[in-house]
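The residues of the chain are indexed from 1 along the displayed sequence. Just so it is clear, the values below take in all heavy atoms, side chains as well, and ignore hydrogens, waters and symmetry mates.
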Amino acid sequence: MNPLMMSNPYLMAAGVGLTILGNYQAGKAEKTRQQAIAAQQEQDAKMMQLQSEQDHNARQERLSTLLNVNDTIRAFNNRGSNDRSIKALTQSEKKKSSTDDSRARLQSMLGQSRSRFAASDARAAGNQAMRSAFTKSLGSIVGAVDAYSTISGGK
């Protein structure tokens with residue numbers, strides 16, 4: 001500690017008070033920053049979910065269009081509903097659509113999970129910053145008490 005502050009207990013108390021205030025403000029600022037990061041990560045997860053739903057709808061519309069085209073081709077060529085080539089095309093498109101949906105759903109869920117984990121991690125970091133500020137403040141108080149007892153001669 002500063003020798004001038006050590007000789008004056010009022011200055012020492014003021015110095016400790018300012019240190020505690022500074023630690024608290026730094027911890028609070030970091031917690032606020034981490035909360036903003038967490039909010040952005042949560043928003044990203046929601047946007048991923050929305051994008052996933054929109055992509056799913058587009059894939060379903062594409063499949064429906066292809067199935068309608070197959071039906072049109074079958075009708076145009078006077079083929080029955082048991083025509084093997086049309087059935088094969090239909091089954092192939094349904095299988096591809098199902099595979100694409102499964103892959104996209106898994107990818108979206110993983111992305112959302114990563115964003116939600118990052119949000120949780122940011123909130124934890126903000127809480128840790130506040131705990132760290134509290135611990136630093138306690139250290140400042142203990143140091144000031146020790147310094148005061150040294151200059152006062154252990155009275």
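- One distance of note links CG of L89 with CD1 of I73; it measures 7.5 Å at 0.5 Å rounding.
- Proximity of a side-chain donor or acceptor of S113 to a complementary backbone N or O of M109 within less than 3.5 Å is not detected.
- Interatomic distance, T99 OG1 to K94 NZ, rounded to the nearest 0.5 Å: 14.0 Å.
- For R62, the salt bridge (Lys or Arg N to Asp or Glu O under 4.0 Å) partners two or more places apart in sequence, or in a different chain, are E93.
- A side-chain donor-acceptor contact under 3.5 Å links S137 to the backbone of A133.
- The side chain to side chain donor-acceptor pair (under 3.5 Å) check on Q40 picks up D44, with sequence neighbours excluded.
- Side chains of N23 and S140 form a contact here, defined as non-hydrogen atoms less than 4.5 Å apart.
- Applying the 6.0 Å contact sphere to CD of Q54 captures more than 12 heavy atoms from other residues, nucleotides or ligands.
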For this session: Determine, step by step, whether D146 and S149 satisfy the side chain to side chain contact (heavy atoms under 4.5 Å, CB included) criterion, reporting the C-alpha distance in whole Å, the side-chain angles of both residues, the deciding distance to 0.1 Å, and the verdict.
Result: CA-CA 5 Å; D146 180 51; S149 67; 4.0 Å; yes
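- In terms of the salt bridge (Lys or Arg N to Asp or Glu O under 4.0 Å) criterion, residue partners of D71 (sequence neighbours excluded) are, by chain and number, R74.
- Taking the side-chain contact (heavy atoms from CB on, under 4.5 Å) definition, one finds that Q60 meets it with H56, L63, S97, D101, sequence neighbours left out.
- Here the straight-line distance linking atom OG of S120 with atom CZ of R116 works out to 11.5 Å at 0.5 Å rounding.
- Checking side-chain atoms of T19 against main-chain N and O of G15 turns up a donor-acceptor pair under 3.5 Å.
- Across R59 and S52, no two heavy atoms sit closer than the pair NH2-O, 4.5 Å.
- By the side chain to side chain donor-acceptor pair (under 3.5 Å) test, Q35 is found to be paired with no residue, residues two or more places apart in sequence or in another chain being considered.
- For the side chain to side chain donor-acceptor pair (under 3.5 Å) test, residues two or more places apart in sequence or in another chain that qualify with K96 are D100.
- Under the side-chain contact (heavy atoms from CB on, under 4.5 Å) criterion, A122 pairs with Q34, I37, A38, sequence neighbours left out.
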For this session: Evaluate the criterion side chain to side chain contact (heavy atoms under 4.5 Å, CB included) for residue pair S115 and M48; output intermediate values, then yes/no.
Result: CA-CA 9 Å; S115 283; M48 282 182 215; 3.1 Å; yes
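- Distance CG/N70 to OG1/T90: 4.0 Å, rounded to 0.5 Å.
- Scanning both residues, M130 and G27, for their nearest heavy atoms gives SD-C, 3.3 Å.
- For the residue pair S108 and Q112, a side-chain donor N or O sits within less than 3.5 Å of a side-chain acceptor on the partner.
- Contacts of S85 classified as side chain to side chain donor-acceptor pair (under 3.5 Å), with partners at least two apart in sequence or in another chain: R79, D83.
- Applying the salt bridge (Lys or Arg N to Asp or Glu O under 4.0 Å) definition to pairs two or more places apart or across chains, those involving residues 120-142 are E42-R123.
- Every residue two or more places apart in sequence or in another chain that forms a side-chain contact (heavy atoms from CB on, under 4.5 Å) with L110 is listed here: L106, R114.
- In this structure, N57 has no side-chain contact (heavy atoms from CB on, under 4.5 Å) partners at least two apart in sequence or on a different chain.
- Tracing side-chain contacts under 4.5 Å through hydrophobic residues (I, L, V, M, F, W, Y), one never reaches I141 starting from Y24; they form parts of separate clusters.
- Residues in residues 21-38 take part in these salt bridge (Lys or Arg N to Asp or Glu O under 4.0 Å) pairs, two or more places apart or across chains: E30-R33.
- Between Q107 and R103 there is no side-chain heavy-atom pair separated by less than 4.5 Å.
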